[in-house]
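Have a look at the structure below before the remarks.
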Amino acid sequence: MSKIVCDTLEAEVNRENISKMVRTFYKMIMKDQTVNPYFIMALGNDLENEEWQEHYKILEDFWMMLMTGEKVYTRDAFAPHLDLAEMYEETFEAWLKLFDEVVHLYYTPKLAQKFYKRAEVLSRKFMQWLDIEQESID
Ligand code: HEM
């Protein structure tokens, strides 16, 4: 997906633009066969169902907290990943590539980079905690 979904790039993070970005991200995820099986297994393949609605809300809180410092996310972000089917470095690379793409569709390069950096740091931690070898990233 390379078309611009936003007329102007956002230079400020707020719940409204996070909400749009998160929904677009999962539309992109569902088109990617490396990553979509994990989401389909956990939440189903109807992006409008209740499970997905709840997931969007959780992810909005999560990114609001990471990007604005607002303490709206109080859960354990890593825990649900322990219950998923086995993931690999390639799974994280595919996830990160889509995330990089979506944040650049919505935000100025500087903000997009800040989002991406946060996601990259967490990806590395998740991979460490899941005992996934990280060869090509460093
Ligand atoms: C290989 C890449 C990844 C896959 C396949 C994946 C998959 C998933 C799935 C299926 C869920 C829903 C689990 C459930 O509700 O039962 C989930 C939740 C979540 N993921 Fe990921 N994830 C990945 C990477 C990441 C990364 C890098 C981050 C952080 C930057 C992240 C942040 C979250 C958060 C915050 C939740 C919600 C946790 C909660 O319930 O509070 N994920 N992920």
Side-chain angles (χ1 to χ4, degrees):
M1 187 189 282
S2 58
K3 82 180 151 71
I4 306 286
V5 290
C6 221
D7 292 343
T8 48
L9 296 174
E10 305 281 355
E12 217 177 78
V13 176
N14 58 41
R15 185 172 281 275
E16 200 188 334
N17 56 45
I18 285 189
S19 170
K20 290 183 188 156
M21 180 276 285
V22 162
R23 281 154 204 265
T24 305
F25 180 53
Y26 290 113
K27 283 189 188 146
M28 291 158 72
I29 287 265
M30 290 300 254
K31 291 191 184 136
D32 183 304
Q33 290 180 359
T34 306
V35 196
N36 72 12
Y38 300 93
F39 288 92
I40 294 171
M41 277 189 268
L43 306 168
N45 59 11
D46 173 7
L47 287 173
E48 297 305 317
N49 75 20
E50 250 177 63
E51 287 81 4
W52 275 101
Q53 299 300 327
E54 196 188 329
H55 187 65
Y56 300 143
K57 168 75 174 56
I58 292 170
L59 268 286
E60 281 170 30
D61 286 345
F62 175 73
W63 285 111
M64 276 299 282
M65 185 189 72
L66 284 188
M67 294 298 292
T68 71
E70 211 182 293
K71 307 260 182 298
V72 282
Y73 180 84
T74 51
R75 299 159 62 94
D76 177 349
F78 175 63
H81 300 87
L82 282 168
D83 298 327
L84 305 180
E86 187 168 2
M87 297 194 278
Y88 308 92
E89 188 176 15
E90 297 72 46
T91 330
F92 279 90
E93 281 170 352
W95 188 103
L96 278 173
K97 187 167 171 281
L98 293 175
F99 190 70
D100 194 35
E101 211 176 301
V102 79
V103 287
H104 278 95
L105 287 176
Y106 281 94
Y107 297 101
T108 56
K110 198 175 158 197
L111 264 185
Q113 234 175 343
K114 189 173 165 186
F115 267 101
Y116 184 77
K117 199 73 219 156
R118 302 267 189 283
E120 198 188 23
V121 167
L122 280 166
S123 286
R124 282 168 189 263
K125 285 194 183 154
F126 283 15
M127 280 190 275
Q128 271 171 19
W129 295 334
L130 291 166
D131 268 337
I132 298 173
E133 276 203 42
Q134 300 177 46
E135 286 170 10
S136 51
I137 289 187
D138 289 314

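Both ligands and their constituent atoms are indexed starting at 1 by order of listing.
- Only the side chain of I58 comes within 4.0 Å of ligand 1, counting heavy atoms alone; its backbone N, CA, C and O stay farther away.
- Taken together through direct or relayed side-chain contacts under 4.5 Å among Ile, Leu, Val, Met, Phe, Trp and Tyr, L96 and L84 form part of one hydrophobic cluster.
- The closest protein non-hydrogen atom to atom 12 (C) of ligand 1 is H55 CE1, 3.9 Å.
- To the nearest 0.5 Å, atom CE of residue M21 and atom CE of residue M67 are 8.0 Å apart.
- A tilted orientation is assigned to the rings of F126 and H81, their planes being inclined by 30° to 60°.
- Of all protein heavy atoms, the one lying nearest to atom 40 (O) of ligand 1 is R75 NH2, 2.8 Å.
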* Could you walk me through whether T91 and I132 pass the side chain to side chain contact (heavy atoms under 4.5 Å, CB included) check? -> CA-CA 11 Å; T91 330; I132 298 173; over 6 Å; no
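- At most 12 heavy atoms of other shown residues, nucleotides or ligands fall within 6.0 angstrom of atom CD in E54.
- The line from CZ of F39 to OH of Y26 is 5.0 Å long, rounded to the nearest 0.5 Å.
- For atom 4 (C) of ligand 1, the closest heavy atom belonging to the protein is M87 SD, 3.8 Å.
- When the shell of 6.0 Å around CD of Q128 is examined, it contains more than 12 heavy atoms from other residues, nucleotides or ligands.
- Close approach of ligand 1 to S123 is summarised as follows: ligand atoms under 4.0 Å from at least one heavy atom of the residue are 27 (C).
- Every atom of ligand 1 with a heavy atom of T91 under 4.0 Å away is listed here by number and element: 1 (C).
- Under 4.0 Å is where a charged nitrogen must lie from a carboxylate oxygen, and between E93 and K97 no such pair does.
- Closest heavy-atom approach to atom 9 (C) of ligand 1 among the candidates Y88, F39, Y116: F39.
- The backbone and the side chain of F92 each have at least one atom closer than 4.0 Å to an atom of ligand 1 (non-hydrogen atoms only).
- Closest to atom 15 (O) of ligand 1 among all protein heavy atoms lies L43 CD2, 4.0 Å.
- Salt bridge status for K57 with E60: absent, with no side-chain N to carboxylate O gap under 4.0 Å.
- Nearest heavy atoms, R124 versus Q134: O-NE2, 3.1 Å.
- For atom 21 (Fe) of ligand 1, the count of nearby protein N, O or S atoms, meaning those under 2.8 Å away, is 1.
- V121 and L111 fall into different hydrophobic clusters, defined by Ile, Leu, Val, Met, Phe, Trp and Tyr side-chain heavy atoms under 4.5 Å apart, directly or through other members.
- The nearest non-hydrogen atom to atom 36 (C) of ligand 1, considering only V121, L84, L59, comes from L59.
- Every atom of ligand 1 is numbered from 1 in the order shown, and the set under 4.0 Å from a heavy atom of A42 is 10 (C), 16 (O).
- The option with the heavy atom closest to atom 38 (C) of ligand 1, from among F78, Y73, F99, is Y73.
- When non-hydrogen atoms are compared, ligand 1 lies under 4.0 Å from neither the backbone nor the side chain of R118.
- With sequence neighbours excluded, the residues forming a ring-ring contact (aromatic ring centres under 6.0 Å, His included) with F99 are F25, W63, W95, listed by chain and number.
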